[in-house]
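Quick notes on the structure that follows.
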Amino acid sequence: MASRADAGGGSGVPPYRYTAALANEIERRWQDHWESQDTFAVANPSPDGPAPAGEKFYLLDMFPYPSGAGLHVGHPLGFIGTDVLGRFLRMTGRTVLHAMGFDAFGLPAEQYAVQTGTHPRTTTEANIARYRAQIRQLGLAHDEHRSVSTTDVEFYRWTQWIFLQIHASWYDTEAGRARPISELEDELTAGIRALPDGRDWATLSRPEQDRVLDDHRLAYLADAPVNWCPALGTVLSNEEVTADGRSERGNFPVFRRNLRQWMMRITAYADRLADDLDGVDWPDSVKTMQRNWIGRSQGAQVRFASDAGPIEVFTTRPDTLFGATYLVLAPEHPLVDALTPDAWPSPPTGDELDGRWTGGAATPAEAVAGYRRVVAQRSDLERQEARDKTGVFTGAWATNPVNGEPLPIFVADYVLMGYGTGAIMAVPGQDQRDWDFATVFGLPIRRTVQPPEGFDGEAYVGAGPAINSANDEISLDGLEVDAAKSAIVAWLAGRGDGEPVVQYKLRDWLFSRQRYWGEPFPIAYAADGESDGGPSIPRALPEADLPVLLPDVEDYAPKSFAPDDRDSSPESPLARATEWVRFTADLESDPERGFADYLRETNTMPQWAGSCWYYLRYLDPHNKERFVDADVERYWLGPQGPGDPGGVDLYVGGVEHAVLHLLYARFWHKVLFDLGYVSSSEPFRKLFNQGYVQAWAYTDARGVYVPAEEVVEDASASTGFTWNGEPVRQEYGKMGKSLRNVVTPDEMCEAYGADTFRLYEMSTGPMEASRPWSTRDVVGSHRFLQRVWRLVIDEQTGELRVADTEPDRDTLTALHRAIDGVRTDLPAMHYNTAVAKLIELANHLTKTYPNGGTPRSVIEPLVLLLAPLCPHLAEELWSRLGHPQTLAYAPFPEADPALLVEDTVEYPIQVNGKVRSRMTVPAAATEDEVRAAALADAKVVELLAGAEPRKVIVVPGRLVNIVR
RNA sequence: GCCCCUGUAGACCAAUCGGCAGAGUCGAUGGACUCAAAAUCCAUACAGUGUGGGUUCGAAUCCCACCGGGGGCACCA
């Protein structure tokens, strides 16, 4: 079977037609040319070098993970989009930095290594080479000298270095920024700062002092509840666990358990991460997602007295305090054991104890223990699915500070230990969850906010005046929610029973993984333990020891377990590299010891580490002294004026990174900013989310996916499509192997050429929209490029067909309209409409000059207009038109405003909103002249039949509407 | 359940401030070229903007309700 490329070059086709074969030849030639001439290399400013030519623009794509499957046509959508913009900006005089790197640590290479024994580096490098080749054939104008991969030793050296800076920092809440931990130590030593627990710094032993410092570091070890995934053999960050309590990768069960792990104190930055969103130009949807993730809420902490001491409760509705009728603690709450009495008490009210409260247990301790057992055996998923309220009475009462009322204390799993204080005051009148629980356990319900007339729901959570809310000292009655909140919080604070407080959903970032293929931590522990017998203190390795190289190991797999083996414990593959793990040194970070034996940290960093700062390394990829030179960073990323946070000028990628990558990267950047290493306070000044390329997939009668490329449209089939004559059902989804609908850029480049592929991807819709891939439609873009080629080159002879004649006025107008439109559309990334305007111009020229002889003064601007979208074809035509230099830096055409205005305007004339007639008037006509002309129109006179119109609306340049 | 985005010819998509529903592409139909086909070129037809209300001289555009599609969050006190 002949391929399209063969058909294009076969007999009967003019010898100099723009076929796929010719396109491929042109494209390879120009790609080689750009590479050999270093066309897209961009220099950093230097004191002795020449000043940069134009205003800088740092253009950035979210770098890809080089998977073994290679690219499909969906992947390069964003890359092509940024390339078009970058090329346009270069032609308008900007100095553009555009580079491409690889996020190359990651699980697939490691899993492949586990299966085959191939070193992950081998697999990764092969995949990167394939990606580079696939990207190169698309003609993307990247500065190749700036390409980095997170797995490069010279890259992860600096990832480790940044980790050391974070580890060597603490967050000074008074100053509102991170500072070197050495300054904290100095202040403690000098007595300027006291220890929060009242101990005297000078009397502490060295390990005790180190532990105090470790409690402040932005990177710290903690026994924290983590998400342990036995099947993957590793812990996961909160962000990597799905809503139904499974691993995002692989969909395995995840269990909560306590483990000693590396954490990043991202919560210290919660306010700045939320507030600084105001200063960046990001889509509102992404800002909202980040704000929701940080989850800042204003509220109050209230203390309820109990026999086991005060119980701290967080609430966002302190105004409803008079409506509290019981308290609930999370089952894991530390006070539960102290509260639980030996025997069931009689209620202070003198009533019988409600049978529903005890769960049938003989003693409170038994009831609580039994309930805890039930809860612990539930997975997170089950806990979420079970909406029925369960719980048990602890046997204890607390006192409501506003009215001295005794409130029974329950334990229930609808209260989470991880949020607030792990204890709530329950206000069934104004909270549906509390209402449900109160209903199950027969607890009193009291409204303290007046619901509106006709409200027939249960709990009322809306606005309204307070009721039933007064004691001898204070009355909230009649106050609206906000006023009531401030009043009661002030009253509580005055009595020492509470204070205003801010809560966040954001948790600290779990930063260690039990994996091989990641950055090793530059950390070690004393082999013989600590002199005070406490847990090991992590010791930073000196900068001179960087990079800490990944050792070779026999087995790359972490120890994995049965998916539901909740009691298993993680074990990193690096722990088996015993020669690497143990070493002897005299560490400055361990002043207590001289030369001593140490054991390396055997966890590795999560995949996010490299992506937190790669955009900084593009700026200065070969710097041996620093991760990025300060002046270079200031030039490319520095703030442009007051109120500007600085950062990358445009960052383009999918919305799937709205919280994870973008939040982590902002956090690292802010730490580096606080420590004075970067001048920008935000990494990405402007963010743009491109859409996805989706694809149709087809299933047969059994529901099995069939190869999408072999499916034909068939109106006679019940489903409209057939495969091998069988009807198949169409569905819409992601492009991928499992749906058997993958189309690769390689196929498209072979069948049509890269310029056609680029043009097609850019013309199917606006950059932000997802759209279906349709191979059938690609030919339209190809035909357009053939028309452009034919305007310049004779298909029979290969000679130029342009003439040095003057274009007519219509053609000139068409050209300048196109210039004007394209100049507006390209910087706005409205590539689909820019393409339409180019096609319109080409169609006009084809029609106007059917026998060749298109004026050079029109053709040359057309070629330049096309250059950002189809650079190879444009370069080729530009060169054939006699220009020896690349057009990459040629000036982009400018529209002549005089040619954009028309002499006359055609006005539709509406009568009562319906178009009844048309007229042509000079463009310079005044509103009154237009009105007069419209009223004089024969059709209008006929329709009005002598009557006076009630109203005449003239929209200049648009239309006239006459209301009868 | 809550929040956000979205709905325009058979398909993908256009339409400055609310102002003539159509720029462009595919497909369809007809024609040119061809012995024929492919490729290429030329021409034509096709929707009243998811549904129902409202505001307005005028609504795809603004407002309300509902329906469909996509995404995010989810016992967060």
Side-chain angles (χ1 to χ4, degrees), chain A residues 2 4 7-8 10 12-14 17 19 243-244 283-286 288-289 292-293 295 297 299 313-317 320 328 383-384 386-387 389 412-416 418-427 430-434 436-437 503-505 655-656 658-659 691-692 694 696 713 715 720 732 759-760 763-766 768-781 783-784 786-787 790 795 821 824 830 832-840 843 846-847 850 906-915 918 949-955 957-964:
Chain A
R4 277 177 214 265
V13 172
R17 174 161 290 175
T19 58
D244 44 351
D284 284 338
S285 58
V286 176
T288 305
M289 279 191 240
N292 288 345
W293 193 265
S297 58
V313 154
F314 173 72
T315 176
T316 54
R317 292 295 301 276
T320 63
V328 185
R383 214 169 138 159
Q384 268 172 39
R387 286 296 155 101
K389 294 289 179 285
D413 70 348
Y414 82 96
V415 173
L416 312 173
Y419 184 76
T421 60
I424 64 158
M425 63 178 212
V427 187
Q430 272 86 227
D431 185 288
Q432 189 60 44
R433 293 158 301 184
D434 296 343
D436 294 342
F437 190 86
Q503 268 300 328
Y504 304 90
K505 282 191 224 172
V655 72
E656 71 270 22
V659 277
Y692 301 103
Q694 311 243 58
W696 300 110
E713 218 168 315
Y732 190 54
L759 187 71
Y760 171 72
S763 60
T764 46
E768 63 271 25
S770 291
R771 66 300 288 274
W773 175 263
S774 173
T775 299
R776 193 172 74 165
D777 295 357
V778 180
V779 68
S781 298
R783 285 182 192 144
F784 163 63
Q786 287 186 330
R787 283 204 293 283
R790 200 179 295 124
E795 290 191 327
T824 310
H830 295 166
N832 52 330
T833 52
V835 172
K837 281 155 194 166
L838 289 172
I839 292 174
E840 214 177 333
N843 289 351
T846 304
K847 219 170 282 183
E906 194 194 51
Y907 277 85
I909 306 172
Q910 296 182 340
V911 177
N912 286 350
K914 283 196 173 142
V915 179
R918 285 167 192 283
R950 278 205 291 160
K951 206 169 178 184
V952 180
I953 294 136
V954 177
V955 185
R958 288 284 182 183
L959 55 52
V960 181
N961 189 13
I962 296 165
V963 188
R964 213 146 53 93

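Everything numeric here is computed off the predicted structure, so don't read it as measured data. Here is the naming used below: chain letters follow the sequence lines, and residue numbers restart at 1 for every chain.
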Which residue lies more 5' along RNA chain B, comparing A:Glu795 with A:Lys847 via nearest heavy atoms | A:Glu795
Rounding to the closest angstrom, what is the interatomic distance between B:rG70 and B:rC33 at atom C1'?
-> 47 Å
In this structure, OG1 of A:Thr320 is separated from CD of A:Gln430 (nearest 0.5 Å) by 6.0 Å
Could you tell me the separation between the CD atom of A:Gln503 and the OG1 atom of A:Thr316, rounded to the nearest 0.5 Å?
-> 10.5 Å
note: A:Ile953, atom CD1; B:rA59, atom P; distance rounded to Å ~ 12 Å
Given atom CZ of A:Arg790 and atom P of B:rU40, what is their separation to the nearest angstrom?
-> 9 Å
Aromatic plane relationship, A:Tyr414 with A:Phe437 - under 30° parallel, 30 to 60° tilted, over 60° perpendicular | tilted
In chain order, what residues pass the salt bridge (Lys or Arg N to Asp or Glu O under 4.0 Å) check against A:Asp431, with sequence neighbours excluded?
-> A:Arg433
Sequence-distant partners of A:Thr421, side-chain contact (heavy atoms from CB on, under 4.5 Å), two or more places apart = A:Gln301, A:Glu312, A:Phe314, A:Ala423
Where does B:rG30 land, syn or anti, given syn is within 90° of 0?
-> anti
Quick one: salt bridge (Lys or Arg N to Asp or Glu O under 4.0 Å) partners of A:Arg958, sequence neighbours excluded?
-> none
Gap separating the OG1 atom of A:Thr764 from the CG atom of A:Leu759, nearest 0.5 angstrom | 10.0 Å
B:rC42, B:rA14, B:rU40: which one has an atom nearest the side-chain heavy atoms of A:Pro766?
-> B:rA14
How would nucleotides 1-8 of chain B be written as a contact map, 5' to 3', with B for base contact, S for sugar-phosphate-only contact and - for no contact, using protein heavy atoms under 4.0 Å?
-> --------
Kindly indicate, with the supporting measurements, whether the criterion side chain to side chain contact (heavy atoms under 4.5 Å, CB included) is fulfilled by A:Tyr760 and A:Thr775.
-> CA-CA 10 Å; A:Tyr760 171 72; A:Thr775 299; over 6 Å; no
Pairwise C1' distance for B:rG68 and B:rG50, with rounding to whole Å = 7 Å
Separation of atom CD in A:Gln786 from atom P in B:rC42, rounded to whole Å = 12 Å
When rounded to whole Å, the OH to P distance for the pair A:Tyr419 and B:rC73 reads 17 Å
Nucleotide B:rG69, atom P - distance to CH2 of A:Trp696 in whole Å | 13 Å
Give the dot-bracket string for RNA chain B, reading 5' to 3', where a pair is Watson-Crick or G-U wobble with both distances under 3.5 Å, ( ) marks pairs inside the strand, [ ] marks pairs crossing earlier ones, | marks a partner on another strand, and . marks unpaired.
-> (((((((..((((.....[..).))).(((((.......))))).....(((((..]....))))))))))))....
Atom CZ of A:Arg17 and atom C1' of B:rA38: how far apart are they, to the nearest Å?
-> 11 Å
Nearest-Å distance, CZ (A:Phe437) to P (B:rA77)?
-> 18 Å
Residues forming a side-chain contact (heavy atoms from CB on, under 4.5 Å) with A:Thr288, sequence neighbours excluded = A:Asn292
Expected string for nucleotides 28-36 of chain B under the B/S/- scheme (protein heavy atoms, under 4.0 Å, primed atoms plus P, OP1, OP2 as sugar-phosphate) is ---------
Please measure how far the C1' atom in B:rU6 lies from the corresponding atom in B:rU61, and state the result in whole Å.
-> 14 Å
Are A:Val955 and A:Tyr907 close enough that some pair of their side-chain heavy atoms sits under 4.5 Å apart?
-> no
Nucleotide N/O to protein N/O under 3.5 Å, stretch nucleotides 20-27 of chain B:
{"unit_1": "B:rC20", "atom_1": "O2", "unit_2": "A:Arg918", "atom_2": "NH1", "d": "2.5"}
{"unit_1": "B:rC20", "atom_1": "O2", "unit_2": "A:Arg918", "atom_2": "NH2", "d": "2.5"}
{"unit_1": "B:rC20", "atom_1": "N3", "unit_2": "A:Arg918", "atom_2": "NH1", "d": "3.1"}
{"unit_1": "B:rA23", "atom_1": "O2'", "unit_2": "A:Glu840", "atom_2": "OE1", "d": "2.5"}
{"unit_1": "B:rC26", "atom_1": "OP1", "unit_2": "A:Arg783", "atom_2": "NH1", "d": "2.6"}
{"unit_1": "B:rC26", "atom_1": "O2'", "unit_2": "A:Asp777", "atom_2": "OD1", "d": "2.4"}

Taking the C1' atom of each, how far is B:rA9 from B:rG27, in whole Å?
-> 12 Å
Residues in side chain to side chain donor-acceptor pair (under 3.5 Å) with A:Ser297, at least two apart?
-> A:Tyr419
Rounding to the closest angstrom, what is the interatomic distance between B:rC4 and B:rA28 at atom P?
-> 43 Å
Provide the distance between the two C1' atoms, one in B:rG19 and one in B:rU56, to the nearest whole Å.
-> 12 Å
Please check the phosphate of B:rU56 (OP1 and OP2 only) for any side-chain N or O of A:Lys951 closer than 4.0 Å.
-> no
For the side chain of A:Tyr414, counting heavy atoms from C-beta on, which of B:rC75, B:rG19, B:rG72 is nearest?
-> B:rC75
Quick one: label A:Ser770 by what it contacts on the DNA or RNA (base, sugar-phosphate, nothing), any heavy atom closer than 4.0 Å.
-> sugar-phosphate
Can you sort out the partners of A:Arg771 under salt bridge (Lys or Arg N to Asp or Glu O under 4.0 Å), two or more places apart, ordered by chain and number?
-> none
Mind checking the C1' distance from B:rC57 to B:rU51? Whole angstroms is fine.
-> 26 Å
With syn defined as a glycosidic angle within 90 degrees of 0 and anti as anything else, the base of B:rC17 is syn
Span that lies between the C1' atom of B:rG58 and that of B:rC41, in whole angstrom | 43 Å
Shortest non-hydrogen contact between A:Met425 and A:Val313, atoms and distance = N-CG1, 3.3 Å
Point-to-point distance, once rounded to the nearest 0.5 Å, from CG of A:Leu959 to CD of A:Glu906 = 11.5 Å
Rounded to whole angstroms, how far apart are NZ on A:Lys505 and C1' on B:rA74?
-> 8 Å
Among all residues two or more places apart in sequence or in another chain, which pass the side-chain contact (heavy atoms from CB on, under 4.5 Å) test with A:Glu840?
-> A:Lys837
Listed partners of A:Arg787 passing side-chain contact (heavy atoms from CB on, under 4.5 Å), at least two apart | A:Arg783, A:Phe784, A:Arg790, A:Ile839, A:Asn843, A:Thr846
